[in-house]
J.: 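Questions regarding the structure given below will be posed in turn.
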Amino acid sequence: MAKNINYVSFTMLLLVLVIASTGIFKSEAIDCVNNSADLCPLRVFYEECGPNPYPGTDADCCNCCKTTWGSPPVCWAVVEGNPKHCHCYKKL
């Protein structure tokens, strides 16, 4: 019985690692600093930008954030929530 639980645990761990490494869980958000994800790896919410609900894309959101608050402090942006909001993030 214990051997079966170990196999199931190992299989689940392997499955999670494979899914995570394929990028399935990656966000479609936009890095607002030279489009390089490593420039803003740790980020926190900064401000909202634009109308509510936000009609644009993640790229539009990034432009709104950079135009309104500058870059820095804004380094990342995403349209998220229901209704959609443009959320701007800064480095942690």
J.: Compare every heavy atom of Ala77 with every heavy atom of Cys62, then report the nearest pair and how far apart it is.
T.: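 Taking every non-hydrogen atom into account, CA-CB, 3.6 Å.
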J.: With a 4.5 Å limit on heavy-atom distance, are the side chains of Lys90 and Cys88 in contact?
T.: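 No - every pair of side-chain heavy atoms lies 4.5 Å or more apart.
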J.: How close do Val79 and Thr57 get, heavy atom to heavy atom, and via which atoms?
T.: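 Closest approach of Val79 to Thr57: CG2-O, 3.5 Å.
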J.: Roughly how far, to the nearest 0.5 Å, is the CD atom of Glu80 from the SG atom of Cys61?
T.: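 Separation between the atoms: 8.5 Å.
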J.: So, for Lys84 and Asn52, which heavy atoms are closest and what is the spacing to 0.1 Å?
T.: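 Looks like O-OD1, 4.0 Å.
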J.: Take the angle between the ring planes of His87 and Tyr89 and call it parallel below 30°, perpendicular above 60°, tilted in between.
T.: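 Perpendicular, since the angle between the ring planes exceeds 60°.
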J.: Evaluate Cys86 against Cys65 for disulfide bond (SG atoms under 2.5 Å apart), listing each step before the verdict.
T.: CA-CA 8 Å; Cys86 172; Cys65 292; 3.8 Å; no
J.: Would you kindly confirm whether Leu42 and Val44 end up in one hydrophobic cluster when ILVMFWY residues are joined by side chain heavy atoms under 4.5 Å apart?
T.: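 The answer is yes; both residues are in one hydrophobic cluster.
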J.: If you compare all heavy atoms of Cys49 against all heavy atoms of Thr68, which two are closest, and at what distance to 0.1 Å?
T.: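 Nearest heavy atoms, Cys49 then Thr68: SG-OG1, 3.4 Å.
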J.: Is there a side-chain contact between Tyr54 and Cys64, using heavy atoms and a 4.5 Å cut-off?
T.: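 Side chain of Tyr54 against side chain of Cys64, heavy atoms only: contact under 4.5 Å found.
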J.: Any heavy-atom pair between the side chains of Leu92 and Arg43 that's under 4.5 Å?
T.: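 When only atoms from C-beta onward are counted, Leu92 and Arg43 do not touch, as no gap falls below 4.5 Å.
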J.: From Tyr46 OH over to Lys91 NZ, what is the distance, rounded to the nearest 0.5 angstrom?
T.: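 With rounding to 0.5 Å, OH (Tyr46) is 14.5 Å from NZ (Lys91).
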